[in-house]
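Before any comments, here is the structure.
The figures here come from the full heavy-atom set of this structure, side chains too, leaving out hydrogens, waters and symmetry mates. The chains referred to below are lettered A, B, ... by the order of the sequence lines, with proteins before strands, and numbering in each begins at 1. Just so it is clear, the model here is predicted, and its values are computed rather than measured.
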Protein chains: 2
Amino acid sequence: MNTEPYLEDFKRILKKENLRYTSQRVEILKEIASSNHHLECEDIYFSLREKGVDASLATIYRTMDLLVKHQFVRKLNIGEGRARYENKIDGEHHDHLICTECGNIIEFVENDIEVLQEEIGKKYGFKLTKHIHQLYGICEDCQNETD
Amino acid sequence: MNTEPYLEDFKRILKKENLRYTSQRVEILKEIASSNHHLECEDIYFSLREKGVDASLATIYRTMDLLVKHQFVRKLNIGEGRARYENKIDGEHHDHLICTECGNIIEFVENDIEVLQEEIGKKYGFKLTKHIHQLYGICEDCQNETD
DNA sequence: TACGCTATTGTTAATCATTCTCAATAACAG
DNA sequence: CTGTTATTGAGAATGATTAACAATAGCGTA
Ligand SMILES: [Mn+2]
Ligand SMILES: [Mn+2]
Ligand SMILES: [Zn+2]
Ligand SMILES: [Zn+2]
């Protein structure tokens, strides 16, 4: 995936807010933009380290906040202690199906549910900003484990 | 609300698992069973205290785990630091609409969504056990605040 | 290019909800 | 009533995330 355009967007946004386009921020955005996984801050920390890029964990956390705020990533909490983050740059909106045995995460898209959610918001006079929709269960593989 | 039948259920379950029917467990179940709110462990701790019932926070946490396990309560995480718990004893299943300004929580029931969830589970071969479905936004009152 | 202002970083300590440890106590079966 | 063992309370420990702060690096300007 070509991350250049996103870096340009990021640069523009940072400038507009009088924030700086630092090497750490660039490397972190590149890392998450080129991944399709659901990463923890520590994952990013170690991936960068392997590539010889040093950025402290605190900086990763700070940068993720920034990226969430500007819609580059989505923060995900799937009931582990730690938060996960996913690339929100491209691809359509989806929610998650999570196996509580093996931790496998499947992404699903269900437009009918999205529409119903909007209706519920309208019904109660809410201006909706986001939603969390996670289905938990046992995946096919884990059901077939014979131990 | 008459909590007697639930206490009897609880007693039976505890005995079956060689666990003890202690005064703390009874008081905690009574407290949550007679509330319609979404309580934190600390809320329960202080409510009991006001009634002259002493139970440590650690015991509240331990008992909530037990009550979750046996379906008396549902654990809820709405993005605050602390977990909340709600009476699951009676009333139909619902999910939540949460105002990010004032923290107000509205319960909604949408059977069509429940059905679609089941279909998604089936589609991916999952045996579903639970789901989290939370809509976040700004409630009507908070939208009308003119400051 | 050099200078100066100030946002950012890394380090380390602090938070804070929750869990753990363990000795003292209370349930409950006999 | 007694013995066994689950439970409790107190306080320490954990673990993810945040905060404090001095050193540094971006970036606008001359
Ligand atoms: Mn995803
Ligand atoms: Mn509720
Ligand atoms: Zn699985
Ligand atoms: Zn509100």
Nearest whole angstrom, please: distance from the [atom2] of [N] to the [atom1] of [X].
| X | N | atom1 | atom2 | value |
| --- | --- | --- | --- | --- |
| I44(A) | dT17(D) | CD1 | P | 11 Å |
| F10(A) | dG26(D) | CZ | P | 14 Å |
| E27(B) | dT7(D) | CD | C1' | 16 Å |
| E80(B) | dA17(C) | CD | P | 11 Å |
| I60(A) | dT8(C) | CD1 | P | 16 Å |
| R25(B) | dT7(D) | CZ | C1' | 6 Å |
| D54(A) | dT9(C) | CG | P | 13 Å |
| Y45(B) | dA10(D) | OH | C1' | 11 Å |

Checking K130(B) against Y136(A): charged group under 6.0 Å from the ring centre and within 45 degrees of the axis?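 K130(B) over Y136(A) ring: yes.
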Cation over ring, K11(A) on Y21(A), under 6.0 Å and within 45°?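 Yes; both conditions hold, so K11(A) lies above the ring face of Y21(A).
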Distance test, side-chain N/O of N18(A) to OP1/OP2 of dA7(C), below 4.0 Å: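 Yes, such a contact exists.
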Does S56(B) have a side-chain nitrogen or oxygen under 4.0 Å from the phosphate oxygens OP1 or OP2 of dA10(D)?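 S56(B) to dA10(D) OP1/OP2: no side-chain N or O under 4.0 Å.
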Look at [X] together with [Y] and state whether they make a salt bridge at an N to O cut-off of under 4.0 Å.
| X | Y | answer |
| --- | --- | --- |
| K122(B) | E119(B) | no |
| K51(A) | E27(A) | no |
| R62(B) | D65(B) | no |
| K75(B) | E86(B) | no |

For nucleotides 18-30 of chain C, just jot down a letter per nucleotide in 5' to 3' order: B, S or -, based on protein non-hydrogen atoms under 4.0 Å. SBBB----BBSS-
